[in-house]
Every structure is written in structure tokens, then in C-alpha cells.
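Take a look at the structure set out below.
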Amino acid sequence: MGQALAGTAALTLGGILPGFSPKSYARIQGANDRIQVGMMGVNSRGLALASNFALQPNCQVRSVSDVDTRAADKCIAAVEKLAGAKPQVVPDFRKALEDKDLDALIVAAPDHWHAPAALLASKAGKHVYLEKPCSHNPHEGELLVAAQKKYKNVIQMGNQRRSWPNVAAGVMAVRDGIIGRPYFAKGWYTNNRPSIGTGKASAAPSWLNYDLWQGPAPRQAFKDNILHYNWHWFWNWGTGESLNNGTHMLDLMRWGLNVDYPTRVTSTGGRYRYQDDWETPDTQVISLEFANNTGMTWEGRSCNGRTVEGSSVGVIFYGDKGALQIDGGNAYKVYDLDNNLVKEVKNDLAINARDRMNPSQALDALHIQNFFDAIRKGAALNSDILSGHQSTLLCQLGNIALRSGSTLDVDPATGRIKNNKAAERFWKREYQRGWEPTV
């Protein structure tokens, strides 16, 4: 396990985090030699993350911030039960960032808050554990990369499979030639999500600070079918299934094929299953081509759970000597060109890939500890923010191709769209006045 993760680290950043200054972050241990973290967004996935951080012996959850008072109370109770210490409740995470003893902010709020919150934390001198996707749009991803270079803090994206030992070993096997030259990869995600119906306009509930929840997003009236999960399917706050779940598989495919930015992107799909308020595609195929004569596709089906290759989520790499398949768990299989299974590495722990809250707690702890090692020791991150941005961008380019109804020609050196005004208008979003994110 250690060798697999060491190889992963060496590939991501070459050993030491660029610009890391031990002196500038010498005071990171906090009380009792534990890293002090603040949680931002603790409903569902955020609650699972808070619990996982609380379970780490070298960490203390110092504060909990959420616009939903019910979610905050539930999280505080859970953390206190697990760790024996009660975190402070700080409804507005911006106040938590004023705490000089806070070392890191854990961001698990909705997608439209990911990059803006991480930028504010970076400016405040904090490290950031940023759930995927790292940004709502490509412009925000570029801001994050620039901020890390400027403030020299640690920013880890939460694509946790980068730290799962058998998954990392499988990807490294692809890169080391176990299937010959890998030239194509296919990823997928399937589910049986129900209709979200037609929402009714109403006043925001008393337990919700709806203005702070919207934050940098242009204001829209509250409707009763937005919170807490369905925001994923509205462009104003969410990014659709491709960034909700596709980020993980597109990240693995990019890693295995050893590519950064594509040269050509197409996408088809739409809201096919139901007629309701859901705006993003429930069915989508993204196709990407790269300069090293490789390609990849990702298929997302939010409302039909028929599996692919026997798994609800996964990726297959195809090479000139065979294929390697990684499903939703910490495992992989290798096939020869005659479809014979020639190697199988099995799961260490049970995983439910469709559990939207906490599919893999023990394995995700490895990603958390990698984040801590980067803070304490200057170790290489398994998912630094440049890598996170590059993988997030593949999903975003797919959405842009779909929304603009065009084929995207992309600069493989920068990831920027070339000569397409209809598509380029989706590179950056509009912000609520006064909430614009900056480096």
C-alpha cells in the first residue's frame, strides 16, 4: 500500500509541494499537536466529512459553519460524540476564518461556493480541503491555481480515489504498460434518481440563511424543491451529474492516460426522463480527444440505473495488449485481448458507490491523512489543486459543449477554448454584485 501511494505522490507533484515554506506554516499543530479544522457545509456529505475528520487522532474539528441551523446542530452533536470535544458553532464561515488558531477549512458546501470559499480561506492564510468539483466554472479553477501559487498554502481536492491504494496501483499498472499502450478509456455513472417535480415559491424556512446559502450566485427566489440536494440540477448553483459524480472517473481516466488538457470535446444529452424543474442533463455522453493519440468517453445516466460491466460506476482502460477495469470500489481487474481475466485485485473494504453521503469512510481517511502530511511535512498531495482543476475542467468542457451545441477545439497547453464565442461565454459565470471571487 505504501509503495503504491508513494508512486502516486511522486507523479502528482514530483515530491515537494511547489512554493511550500515550512516557516510560513510552522504554527499548524494547534492544541495537543492536532491540526485544527473548520467545517463549512455539514449537511449530508459535509456531515460525513466532519465525522471522518473528527475520527482522525491528529485532528480537531474546531468549528462548524452552516446556513442550516439544524444541520449545524446535528453535526456538532455527532462530532462531540466521536471526539469528546464540542466544536464551536460559527454560522458564517467567514467569521471562522478570523480565528488565528484555525489551520484549515474543509469546504463541503454546494458547488457554487467551492472556489469562492477556498479563495477566502487562502487569503486568510488557511489550508483547504476542497470537495470535488473544485469549481463551478473554468474561470474559478484558474483563480484557485493562481491563489495557491500566491499564498503557497495546501489545497487538496476531494477526489479521494487518488488515495485508494488498489485504485492507485491499478492506474499505475496502466501507465507502466500492463495492457500495453493505453489509448482509450471509458467511464460511467448510473443511478435511479426520481423526479424533483415543480417547485413552489415560498419564503425561506426559519432555519435557513438563504442569502448566505446563495452567496456568490445571482439571487433566485426560494422554491421548495431546491434544498438540500436538488441544487445539483440547477445551473445557478450546481453543475449536473458530470461534475457531481463524473469528476471521479474522468480524473482516473486522465491520470491513467497521462494527459492534461484535451484538443477536442463533444457532448450529447439532455433532460430526457422527466419533465420537471431539473435543468442539467439526466443523460449525457462526453467525448474527449488528446494530443497523444488517445481519447476517452464518460456516460452519465441519472435516471436509469442499468449497470455497465456489472457496476453502477467505473472506468475501463483499453490498450494494445488488453484492458483494465476499475469499478466503484478499491479494486481492479486485468483482461487480455481474448477477454480472459489475467489478474484481479479485490476490495479491502465494502463500498456503496451510490451512497451520496459516505460511500467509503475508511479509504477516504487516507486522503485526509495525505492532506495532513502535506501541511505538516511538505509531502506531495495526491490531488493538488492544479490536478484537481485539470480533471474538473474535463467535465466543465463537456457541459460547455452540450450547452453551446458545438464541438470545442481546445488549446492542449492551457485548456482554453479556441475561436468559439458561443462556448466561451460559459467559461465564467455572472456573480451577485459584491460577491465576486478574486485572488
Side-chain angles (χ1 to χ4, degrees), residues 27-110 113-114 117-118 120-121 124-131 154 156 158 160 163 205-210 212-213 215 227-229 349-352 355-373 375-376:
R27 184 217 45 79
I28 53 144
Q29 303 306 321
N32 301 318
D33 200 38
R34 289 179 293 175
I35 294 175
Q36 306 289 301
V37 304
M39 302 299 308
M40 183 217 175
V42 295
N43 190 72
S44 187
R45 178 58 183 164
L47 175 60
L49 274 177
S51 299
N52 213 344
F53 274 88
L55 286 168
Q56 305 309 307
N58 52 348
C59 173
Q60 180 176 351
V61 177
R62 185 176 180 86
S63 63
V64 168
S65 300
D66 200 288
V67 296
D68 180 343
T69 57
R70 307 168 310 166
D73 291 344
K74 183 178 180 180
C75 180
I76 288 170
V79 168
E80 185 176 19
K81 182 177 180 180
L82 289 169
K86 186 176 182 178
Q88 297 175 331
V89 57
V90 186
D92 189 332
F93 79 97
R94 294 171 296 180
K95 294 295 294 183
L97 293 177
E98 297 174 4
D99 181 358
K100 63 181 179 59
D101 291 322
L102 188 74
D103 298 313
L105 183 70
I106 318 305
V107 180
W113 254 121
H114 283 193
L120 289 173
K126 314 302 182 185
H127 304 293
V128 183
Y129 185 99
L130 180 58
E131 267 297 280
V154 174
Q156 170 107 303
Q160 296 83 6
S163 295
S206 60
W207 43 261
L208 176 69
N209 183 339
Y210 187 52
L212 184 56
W213 183 88
L227 300 183
H228 266 300
Y229 195 79
L349 298 167
I351 294 171
N352 179 4
D355 182 343
R356 69 190 192 189
M357 177 178 174
N358 194 23
S360 52
Q361 183 181 73
L363 285 166
D364 291 353
L366 298 173
H367 207 55
I368 293 171
Q369 287 299 324
N370 175 242
F371 175 59
F372 291 164
D373 284 345
I375 294 173
R376 284 181 159 166

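For the numbers below, each heavy atom of this structure counts, side chains included, while hydrogens, waters and symmetry mates do not. Start at 1 with the first residue, then count along the sequence.
A108 and G46 get closest at one heavy-atom pair: CB-CA, 3.6 Å. Shortest non-hydrogen contact noted between Y129 and G158 is OH-CA, 4.0 Å. Heavy atoms only, all atoms of each residue included: V42 and D66 are closest at N-OD2, 2.7 Å. Of all heavy-atom pairs spanning F371 and V128, the tightest one is CE1-O, 3.3 Å. For S163 against N370, the heavy-atom pair with the smallest separation is OG-CB, 4.4 Å. W113 approaches V107 most closely through the heavy-atom pair O-CG1, 4.5 Å.
Looking at I35 and N58, their side chains never come closer than 4.5 Å, going by heavy atoms from C-beta outward. For the pair N52 and Q160, the minimum side-chain heavy-atom distance is 4.5 Å or more. Counting heavy atoms from C-beta outward, I76 and K86 have side chains that approach closer than 4.5 Å. Side-chain contact between M39 and V79 is absent, with no heavy-atom pair separated by less than 4.5 Å. Side-chain atoms of V90 and V64, non-hydrogen and from C-beta on, never get closer than 4.5 Å to each other. The shortest distance between side-chain heavy atoms of H114 and M40 does not fall below 4.5 Å. No side-chain heavy atom of P91 sits less than 4.5 Å from a side-chain heavy atom of T69. Proximity of V37 to R62: side-chain heavy atoms (C-beta onward) are nowhere separated by under 4.5 Å.
H228 and D68 are linked by a side-chain donor-acceptor pair at a separation below 3.5 angstrom, with hydrogens and angles left out of the test. Counted by atom type alone, Q369 and D373 present zero donor-acceptor pairs between their side chains at under 3.5 Å.
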Item checked: Full working for salt bridge (charged side-chain N to carboxylate O under 4.0 Å, His left out) between D99 and R94 -> CA-CA 10 Å; D99 181 358; R94 294 171 296 180; over 6 Å; no

Next item on the list: Dump the intermediate steps for side-chain contact (heavy atoms from CB on, under 4.5 Å) on L130 and Q156, then the final yes or no.
Entry: CA-CA 6 Å; L130 180 58; Q156 170 107 303; over 6 Å; no

Next item on the list: Might you work through the side-chain contact (heavy atoms from CB on, under 4.5 Å) test for V67 and Y210, ending with a clear yes or no?
Entry: CA-CA 7 Å; V67 296; Y210 187 52; over 6 Å; no

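To the nearest 0.5 Å, the span separating OG on S63 from CD on Q36 amounts to 9.5 Å. We find the CZ-CG distance between F53 and D364 to be 10.0 Å, quoted to the nearest 0.5 Å. H367 NE2 to F372 CZ: the interatomic distance, rounded to the nearest 0.5 Å, is 12.0 Å. Between atom CG of residue L212 and atom CG of residue D92 there is a gap of 5.0 Å, rounded to the nearest 0.5 Å. Here R70 contributes atom CZ and C75 contributes atom SG; the two are 14.0 Å apart, rounded to the nearest 0.5 Å. Summarising the geometry, atom OG belonging to S65 is positioned 9.5 Å from atom CD belonging to Q88; distances are rounded to the nearest 0.5 Å.
Salt bridge status for K126 with D101: absent, with no side-chain N to carboxylate O gap under 4.0 Å.
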